[in-house]
Asks: 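First the structure, then my questions, so here it is.
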Amino acid sequence: MFVCTANLCRSPIAAFLFKQWLQQHPATGSLHVASCGTWAQDGEPVASSVLPYLLAVGIDLMHHRSRSITTNLLAESDLVLCMTGFHKEALQAEFPHYGSRVHMLSEMIMQRYDIPDVSRVSAEEYLAVARDLRPMVERSAPRIMALLQAASSDAV
C-alpha cells in the first residue's frame with residue numbers, strides 16, 4: 001500500500017510505477033498493489049488536465065479513484081509505504097497495531113526524506129513527481145520485495 005495525503009498524485013503514481021516494475025520482474029505468488037490517502041476523499045479522479053501528460057511518460061491514472069486509509073486496508077496490507085515522515089508517524093499513532101508495517105518509501109533506499117506534495121494541479125508538478133518517483137521505486141523494489149517475502153514467511 002502506497003500512502004500520500006489526497007491519493008491523487010504521489011501514492012497512485014508510486015503504485016503504478018511499482019506495478020510496472022513487477023511486470024518486468026514477475027514475482028511468485030499473488031501480490032496486490034494499491035494506494036490510499038491519509039486525508040483523501042473517496043472516489044475523486046486525478047485532474048483531467050494532467051492525465052495526458054502523465055500518459056505521455058507511460059503513467060496511466062485515467063481510472064484511478066482516491067480512497068482514504070482505513071483499518072481494513074491496513075489489515076490487508078503487509079507493507080505500507082508513506083511519502084512523508086508525517087504520514088508514517090500519523091499512521092503509526094492512529095493504528096499502532098499495524099505500526100511495524102508502516103515505512104517511508106525513501107527508507108526503502110536507506111534514506112529518510114519526504115517526497116513533496118504538489119502545490120497546485122499542474123502538469124509540470126505531476127511530471128516532476130513522476131520523474132522523482134520512477135528511479136526511487138525502481139531502486140526500492142528489491143527491498144520492498146524482500147520485506148514482502150519476510151512478511152509472508154512470518155504469516156505462515
Side-chain angles (χ1 to χ4, degrees), residues 1-42 44 46 50 54 57-61 64-119 124-156:
M1 180 69 65
F2 291 89
V3 178
C4 69
T5 305
N7 191 222
L8 291 172
C9 180
R10 296 170 291 174
S11 61
I13 289 174
F16 184 89
L17 293 170
F18 188 65
K19 287 176 188 177
Q20 276 187 331
W21 186 89
L22 284 171
Q23 288 174 348
Q24 297 167 359
H25 305 86
T28 57
S30 66
L31 191 58
H32 179 72
V33 180
S35 67
C36 61
T38 56
W39 287 90
Q41 293 183 5
D42 290 334
E44 294 291 316
V46 173
V50 302
L54 289 173
V57 295
I59 299 171
D60 183 0
L61 298 182
H64 173 75
R65 295 298 177 265
S66 62
R67 64 183 176 165
S68 185
I69 189 88
T70 64
T71 303
N72 288 342
L73 286 176
L74 281 175
E76 296 168 359
S77 301
D78 292 323
L79 185 60
V80 179
L81 299 171
C82 300
M83 298 299 130
T84 70
F86 175 76
H87 295 135
K88 177 182 176 179
E89 292 166 14
L91 292 179
Q92 288 176 328
E94 187 172 348
F95 306 98
H97 184 70
Y98 302 109
S100 64
R101 300 176 185 188
V102 180
H103 306 272
M104 290 176 64
L105 178 58
S106 62
E107 292 172 334
M108 298 297 105
I109 58 171
M110 308 310 281
Q111 297 180 24
R112 184 176 166 81
Y113 63 90
D114 292 346
I115 297 158
D117 201 357
V118 295
S119 60
E124 295 82 20
E125 287 186 315
Y126 272 70
L127 291 173
V129 168
R131 277 192 303 274
D132 292 344
L133 282 174
R134 188 178 299 276
M136 178 183 283
V137 169
E138 290 172 358
R139 287 180 52 210
S140 299
R143 178 132 191 256
I144 292 169
M145 295 305 294
L147 288 172
L148 290 172
Q149 186 173 21
S152 67
S153 297
D154 291 345
V156 177

Asks: Identify the two heavy atoms, one from N7 and one from C4, that lie closest to each other, and give their separation to 0.1 Å.
Replies: N-SG, 3.3 Å
Asks: Do the side chains of M83 and S106 get nearer than 4.5 Å, heavy atoms only?
Replies: no
Asks: Could you pull out the closest heavy-atom pair between A15 and A34, with the gap in Å?
Replies: CB-O, 3.9 Å
Asks: Are the side chain of H25 and the backbone of A141 linked by a donor-acceptor contact shorter than 3.5 Å?
Replies: no
Asks: Give a yes or no answer on whether the side chain of T70 reaches the backbone of L73 with a donor-acceptor pair at less than 3.5 Å.
Replies: yes
Asks: Is the CD atom of Q111 crowded by more than 12 outside heavy atoms at less than 6.0 Å?
Replies: yes
Asks: When rounded to the nearest 0.5 angstrom, what is the spacing between CG in L133 and OG in S140?
Replies: 9.0 Å
Asks: Check whether any side-chain heavy atom of L17 lies under 4.5 Å from a side-chain heavy atom of Q20, and answer yes or no.
Replies: yes
Asks: So which atom in V102 and which in Q92 form the shortest heavy-atom distance, rounded to 0.1 Å?
Replies: O-NE2, 3.5 Å
Asks: Can you confirm whether the side chains of R10 and T5 place a donor and an acceptor under 3.5 Å from each other?
Replies: yes
Asks: Any chance you could measure F2, atom CZ, to C82, atom SG, to the nearest 0.5 Å?
Replies: 10.5 Å
Asks: So do L8 and Y126 actually touch side chain to side chain, heavy atoms under 4.5 Å?
Replies: yes
Asks: Hey, mind stepping through L79 and R101 against side chain to side chain contact (heavy atoms under 4.5 Å, CB included) and telling me if it holds?
Replies: CA-CA 5 Å; L79 185 60; R101 300 176 185 188; 5.8 Å; no
Asks: State which residues pass side chain to side chain donor-acceptor pair (under 3.5 Å) with S100; sequence neighbours excluded, sorted by chain then number.
Replies: none
Asks: Is there a side-chain contact between I59 and L61 (heavy atoms, below 4.5 Å)?
Replies: yes
Asks: Measuring from I109:CD1 to M136:CE, what's the distance to the nearest 0.5 Å?
Replies: 4.0 Å
Asks: Under the criterion side chain to side chain contact (heavy atoms under 4.5 Å, CB included), I'd like the reasoning laid out for M1 against H32: C-alpha separation, chi angles, the key distance, then a yes or no.
Replies: CA-CA 8 Å; M1 180 69 65; H32 179 72; over 6 Å; no
Asks: Quickly, which of M108, Q149, H103 forms a side-chain contact (heavy atoms from CB on, under 4.5 Å) with I144? Name it, please.
Replies: M108
Asks: Between atom OH of Y98 and atom CD of E76, what is the distance when rounded to the nearest 0.5 Å?
Replies: 9.5 Å
Asks: Would you please say whether a donor-acceptor pair under 3.5 Å links the side chains of R67 and Q41?
Replies: no
Asks: How would you list, by chain and number, every residue that makes a salt bridge (Lys or Arg N to Asp or Glu O under 4.0 Å) with D42, sequence neighbours excluded?
Replies: none
Asks: To the nearest 0.5 Å, what is the distance between CZ on R139 and CG on L105?
Replies: 10.5 Å
Asks: Passes side chain to side chain contact (heavy atoms under 4.5 Å, CB included), D114 versus F86? Steps please.
Replies: CA-CA 9 Å; D114 292 346; F86 175 76; 6.0 Å; no
Asks: Please find the pair of heavy atoms, one from P116 and one from V129, that lie closest to each other, and give the distance.
Replies: O-CG2, 4.2 Å
Asks: How close do P12 and C9 get, heavy atom to heavy atom, and via which atoms?
Replies: CD-O, 3.3 Å
Asks: Once you round to the nearest 0.5 Å, how far does CD1 of I115 lie from CG of D132?
Replies: 8.0 Å
Asks: Do F18 and I13 come close enough that some side-chain heavy atom pair is under 4.5 Å?
Replies: no
Asks: Going through the distances and angles, do R134 and W21 end up as a side chain to side chain contact (heavy atoms under 4.5 Å, CB included)?
Replies: CA-CA 10 Å; R134 188 178 299 276; W21 186 89; over 6 Å; no
Asks: For E107, give me all partners under salt bridge (Lys or Arg N to Asp or Glu O under 4.0 Å), at least two apart in sequence or on another chain.
Replies: K88, R112
Asks: For a side-chain hydrogen bond (donor to acceptor under 3.5 Å, both in side chains) check, start with the C-alpha distance between E125 and S119, then their side-chain angles and the critical distance, and finish with the verdict.
Replies: CA-CA 8 Å; E125 287 186 315; S119 60; 2.8 Å; yes
Asks: Quick check: closest heavy atoms across A40 and S66, and the distance to 0.1 Å?
Replies: CB-CB, 4.4 Å
